[in-house]
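Let me begin by presenting the structure, written as structure tokens, before commenting on it.
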Amino acid sequence: MINITLPDGSVRQYDKGITSMQIAQSISEGLARNVLAAEVDGAVWDASRPIEQDASVKLLTWTNDEGKATFWHSSAHLMAEALEALYPGTKFGIGPAIETGFYYDVDFGDRTFAQEDFKKIEDKMLELAKTKAEYIRKPVSKDEAVAYFTDKGDEYKLDLIKDLPDGSITFYSQGNFTDLCRGPHIPNTGFIKAVKLMNVAGAYWRGDESRKQLTRIYAVTFPKAGELAEYLNMLEEAKKRDHRKLGKELELFAFSEKVGMGLPLWLPKGTALRERLVNFLQRAQVAAGYEQVITPHIGHKNLYVTSGHYEKYGKDSFQPIQTPQEGEEFFLKPMNCPHHCEIYKTKPRSYKDLPVRFAEFGTVYRYEQSGELHGLTRVRGFTQDDAHLFCRPDQVKEEFKKVIDLVLYVFNALGFQDYVAQVSLRDPENKAKYIGTDENWQLAETAIIEAAEEKGLRTVIELGEAAFYGPKLDFMVKDALGRKWQLGTIQVDYNLPERFELEYTGSDNQKHRPVMIHRAPFGSLERFVAVLIEHCAGNFPLWLSPEQYVILPISEKYEDYAKKLSQMLNNSDIRGLIDFRDEKIGRKIRDAEVKKIPYMLIVGEKEAAEGTLSVRKHGTGDLGSMSIEDFKQQLIKEITI
RNA sequence: GCCGACGUAGCUCAGGGGUAGAGCACUUCCUUGGUAAGGAAGAGGCCAAGGGUUCAAAUCCCUUCGUUGGCUCCA
């Protein structure tokens, strides 16, 4: 007999070799029907795998993330089986579960594969699922594994096996399909009730640009047909908040083929929004001891030779601007740091002066790969809310904490709750590729981790993700469609102070190198506005809203009153417009609602006579009538942040 | 940059070898109205650009540009 500890702490006794599925059955039939896999002493196992000794067991169902991942991973095998049945000779790369669903990288040889084939594959998968084929685990020796895939002619699997130690290799089979796989899997294919292929994409084998590109098929499956419908519906809803769609509808920004790809045009309303964000941050930065600076949009080649960017990015960036002067070259500035370093050098600095903080809303240009451009989140010309802090090594942590405070202040003011702080550190295996002394890195990495901890940030640590010049902390958020974007960033830099030979005089009267911290709470105004649009689905906080009200006269008889009202509101710095169109009030309200204007002020005979206004709030409805003064006060209260 | 999809009126889209359609928006007229679309008429397009096949191309083929889903990249 062995002792099985369940998550509630209870201990049950079973015969040696019991499976998680049998444990589930001993608890209830209903539970057994839903068990997909089990966590045994922390590792996820097949529900059918025998347990040979005392263990703690957590049964996994569709409601656990691990259960879902197992379900989707098994679905990937099912899809592979369907592909093999429909297209014999298909070779398979890897087919993991992802956040929602799974993919499989496959090589169809010369056959082209397109979305028309989706239906056929979905049908085949459902057909195979109905057979309730069991997923069978089989440990194999390395030789056996090699023999099987050599015989099958699948070089990708062989490539994977090459790196696996003998004795750790397992195969999983279901129906007519056998795959190299560590597992675990769901009990049988019958659990899979709904299938949807999402899209196809090219993906390099093992993520390496120099290797062959395979066809990656993304799909998602569910244990109930209704859940698929729900999921597709959710995707539709998410699309409605896509910043590219809302940006067009709300007339915030546009792109023009003639101007060039990835170069956003800010329309009047978008500009109004952006300027308010700029003013907001500028005020906060002044309060935090920053000094505003301005630098040109181009810089001499030598600036970037000194900074090292010329060597690293010269060929892959916008090409130099020539001048009538033979051999003279200027570059569009891809970042503001080198300019700010030169500002630092305009005079000798003492340790008593540090830290100094130079802030600039600096527009930069980067030649991003064409396939990378995406709405406002990835563009070729954008404005960073940049600043560079120059401080002593012993000030890094304190400065870091202050920057975190500033970022959190910005995020709070705009209602961002859902973000993760990603701390990017050196790859400990490969310290050679980083610049700067071991001691300084140690100091900076510790400072960042401690600062994040002391500020109570939800943090993930990524080893090897640091820039070559220093560790960093990025605030990551997700867009409406679940894609992750980096907003705020704080980076420590040992490289540029070195290259620009920045110094300060210490209390010992010796020259020392300052540490440079790059930081941008928004990241870039473009990306921030994009994420903000999606975050609030276009319903901006009142203080940011391009129009705060629209006056809707019942008929043209009340236009004079509307103008008077608008004048009074404008005098109190409340902005908006009047709908003079010859339309019925119902129509004007509808249009204002669609345009997401926060307040609709309806004025007619009654209001004009009493000197009041009838207020309707976007998305809420009629608030009744109130005096002009009351409305003004209410708005001013709401606007104050 | 690579793989796939797409590009028709300002917007959202239908059509599809025989020289273009809807709804909304726009203009004019009627209507002067009370909390999410009043009525009528009109105007608007080299069907992304270039080349080819054809008696005939918006439609089929090729190239380019742009958009888009991924991959790689992201100072």
Side-chain angles (χ1 to χ4, degrees), chain A residues 98 103 105 108 112-117 198-218 242 244-245 248-249 251 254-262 304 307-314 316-317 333-338 364 366-375 377-380 384 467-470 472 481 483 485-486 489 491 493 495-496 518 523-524 527 552-559 581-595 600-607 614-625:
Chain A
I98 52 177
Y103 65 79
D105 283 347
F108 286 111
T112 54
F113 179 82
Q115 301 198 353
E116 291 97 74
D117 304 312
M198 301 305 289
N199 51 46
V200 280
Y204 301 106
W205 173 236
R206 302 203 139 182
D208 183 343
E209 212 174 347
S210 65
R211 301 209 208 199
K212 186 168 162 124
Q213 193 163 44
L214 306 183
T215 304
R216 177 169 295 180
I217 305 175
Y218 286 89
D242 189 318
R244 292 167 299 185
K245 177 180 152 69
K248 194 183 277 184
E249 285 173 5
E251 298 177 15
F255 290 91
S256 148
E257 269 189 42
K258 260 198 183 117
V259 172
M261 67 201 306
Y304 302 108
S307 72
H309 294 107
Y310 180 79
E311 197 189 355
K312 195 161 162 49
Y313 293 101
D316 302 323
S317 67
K333 81 173 164 190
M335 83 293 295
N336 305 296
C337 352
V364 298
R366 296 178 186 178
Y367 190 77
E368 304 291 0
Q369 289 186 34
S370 58
E372 257 321 312
L373 301 174
H374 179 93
T377 46
R378 193 81 189 269
V379 287
R380 284 179 168 173
Q384 296 177 309
F468 72 92
Y469 52 75
K472 59 178 182 170
L481 298 170
R483 284 177 282 225
W485 296 99
Q486 171 208 310
T489 182
Q491 313 186 0
D493 188 343
N495 179 42
L496 287 182
H518 310 250
S524 79
R527 184 175 291 174
L552 310 178
I554 297 284
S555 85
E556 66 188 60
K557 285 186 243 167
Y558 313 109
E559 282 181 6
R581 291 176 310 160
D582 177 15
E583 293 290 351
K584 290 193 176 169
I585 194 66
R587 178 50 182 272
K588 293 185 180 182
I589 285 169
R590 184 191 139 77
D591 290 347
E593 289 279 359
V594 169
K595 278 155 80 183
M600 287 151 274
L601 310 177
I602 293 134
V603 294
E605 190 178 359
K606 179 167 154 273
E607 289 79 10
S614 177
V615 180
R616 182 188 166 97
K617 190 168 183 176
H618 169 74
T620 305
D622 195 356
L623 299 185
S625 68

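Numbered from 1 within each chain, the chains take letters A, B, ... in sequence-line order.
For A:M600 and B:A36, the CE to P distance is 10 Å, given to the nearest whole Å. To the nearest angstrom, P of B:C11 lies 17 Å from CG of A:D242. A:R581 places its CZ atom 14 Å from the P atom of B:C24, with the value rounded to the nearest Å. Between the NZ atom of A:K606 and the P atom of B:U35 there is a distance of 12 Å, given to the nearest Å. One atom, OH of A:Y218, and another, C1' of B:G4, lie 12 Å apart when rounded to the nearest Å. Atom NZ in A:K595 sits about 14 Å away from atom C1' in B:A36, given to the nearest Å. Atom CZ in A:R211 sits roughly 19 Å away from atom P in B:C3 (whole-Å rounding). Atom-to-atom, NZ of A:K584 to C1' of B:U32 comes out at 10 Å; the value is rounded to the nearest Å.
Note on A:E607: a base of the nucleic acid sits closer than 4.0 angstrom, heavy atoms only. The residue A:E583 sits close to a base: some heavy atom pair falls under 4.0 Å. Across all strands shown, A:I602 has heavy atoms under 4.0 Å from base atoms, whether or not it also approaches the sugar-phosphate. Across all strands shown, A:A203 has heavy atoms under 4.0 Å from sugar-phosphate atoms exclusively, and none from any base. Residue contacts for A:K248: at a heavy-atom cut-off of 4.0 Å it reaches the sugar-phosphate backbone alone, with no base atom in range.
Here the separation of B:A48 from B:A14, taken at their P atoms, is 14 Å to the nearest Å. With both ends at atom C1', the span from B:U54 to B:G44 equals 32 Å, rounded to whole Å. Taking atom C1' in both B:A9 and B:C24, one finds a spacing of 12 Å when rounded to whole Å. Rounded to the nearest Å, the gap between the P atom of B:G50 and that of B:A58 is 11 Å. Rounded to whole Å, the separation between the C1' atoms of B:U31 and B:C65 comes to 48 Å. Comparing the P positions of B:G42 and B:A22 gives an interatomic distance of 12 Å, to the nearest angstrom. Comparing the P positions of B:G66 and B:C61 gives an interatomic distance of 22 Å, to the nearest angstrom. For the C1' atom pair drawn from B:C13 and B:U8, the interatomic distance equals 9 Å after rounding to whole Å.
A distance-only check finds a donor-acceptor pair linking the side chain of A:E607 to the backbone of A:G604 [under 3.5 Å]. Using a distance-only test at 3.5 Å, with no hydrogens or angles considered, no donor-acceptor pair links the side chain of A:R527 to the main chain of A:W485. A donor-acceptor pair under 3.5 Å is absent between the side-chain atoms of A:K212 and the main chain of A:W205, judged by distance alone. Under the 3.5 Å distance criterion, the side-chain polar atoms of A:E593 are matched with a main-chain donor or acceptor of A:G619. With hydrogens and angles disregarded, a donor-acceptor distance shorter than 3.5 Å links the side chain of A:R380 to the backbone of A:E368.
With sequence neighbours excluded, the residues forming a ring pair (Phe, Tyr, Trp, His ring centres under 6.0 Å) with A:Y367 are A:F318, listed by chain and number. Under the rule for a ring pair (Phe, Tyr, Trp, His ring centres under 6.0 Å), the partners of A:Y218 that lie at least two apart in sequence or sit in another chain are A:Y103. Not counting sequence neighbours, the partners of A:V594 by the side-chain contact (heavy atoms from CB on, under 4.5 Å) test are A:R590. For A:H618, the ring pair (Phe, Tyr, Trp, His ring centres under 6.0 Å) test picks out no residue, with sequence neighbours left out. For the side-chain contact (heavy atoms from CB on, under 4.5 Å) test, residues two or more places apart in sequence or in another chain that qualify with A:I554 are A:Y558, A:I585, A:I602. Partners of A:R366 by salt bridge (Lys or Arg N to Asp or Glu O under 4.0 Å), not counting sequence neighbours: none found. For A:Y310, the ring pair (Phe, Tyr, Trp, His ring centres under 6.0 Å) partners at least two apart in sequence or on another chain are A:F331. Partners of A:S210 under the side-chain contact (heavy atoms from CB on, under 4.5 Å) rule, at least two apart in sequence or in another chain, are A:D208.
Using modelled atom types and a 3.5 Å distance limit, the side chains of A:Q491 and A:Y469 yield a donor-acceptor pair.
With hydrogens and angles ignored, a donor-acceptor pair closer than 3.5 Å exists between the side chain of A:D582 and the base of B:U31. Under 3.5 Å, the side chain of A:Q213 and the base of B:G1 form no donor-acceptor pair of N or O atoms. If you check distances only, the side chain of A:Y204 does reach the base of B:G1 with a donor-acceptor pair under 3.5 Å.
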Filtered N/O pairs between nucleotides 73-75 of chain B and protein, under 3.5 Å:
| from | atom 1 | to | atom 2 | distance (Å) |
| --- | --- | --- | --- | --- |
| B:C73 | O2 | A:R378 | NH2 | 3.1 |
| B:C73 | N3 | A:R378 | NH1 | 3.2 |
| B:C74 | N1 | A:R378 | NH2 | 3.4 |
| B:C74 | O2 | A:R378 | NE | 3.3 |
| B:C74 | O2 | A:R378 | NH1 | 3.2 |
| B:C74 | O2 | A:R378 | NH2 | 3.0 |
| B:A75 | O4' | A:Y313 | OH | 3.3 |
| B:A75 | O2' | A:H309 | NE2 | 3.2 |

Are any protein N/O atoms closer than 3.5 Å to N/O atoms in nucleotides 63-68 of chain B? If there are, list each pair with its distance.
| from | atom 1 | to | atom 2 | distance (Å) |
| --- | --- | --- | --- | --- |
| B:U68 | O3' | A:R244 | NH1 | 3.3 |

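Looking at every heavy atom in both residues, A:S614 comes nearest to A:D622 through OG-OD1, 4.1 Å.
Here the straight-line distance linking atom CD of A:E583 with atom CD1 of A:I589 works out to 12.5 Å at 0.5 Å rounding.
Set against B:G33, B:U32, B:A37, the side chain of A:I554 has B:G33 as its closest nucleotide. Taking only side-chain atoms of A:K557, from C-beta outward, the nucleotide of B:A36, B:G33, B:G70 with the closest atom is B:G33.
RNA chain B contains the following stems of three or more consecutive Watson-Crick or G-U pairs, with both distances under 3.5 Å: B:1-7 with B:65-71, B:10-13 with B:21-24, B:26-30 with B:38-42, B:48-52 with B:60-64.
Judged by closest nucleotide on RNA chain B, A:D591 is the one of A:G586 and A:D591 placed further toward the 5' end.
RNA chain B is contacted by A:R616, A:D622 of residues 615-623 of chain A, taking any non-hydrogen atom closer than 4.0 Å.
Between A:K212 and B:C3 there is no side-chain N or O to OP1 or OP2 distance below 4.0 Å.
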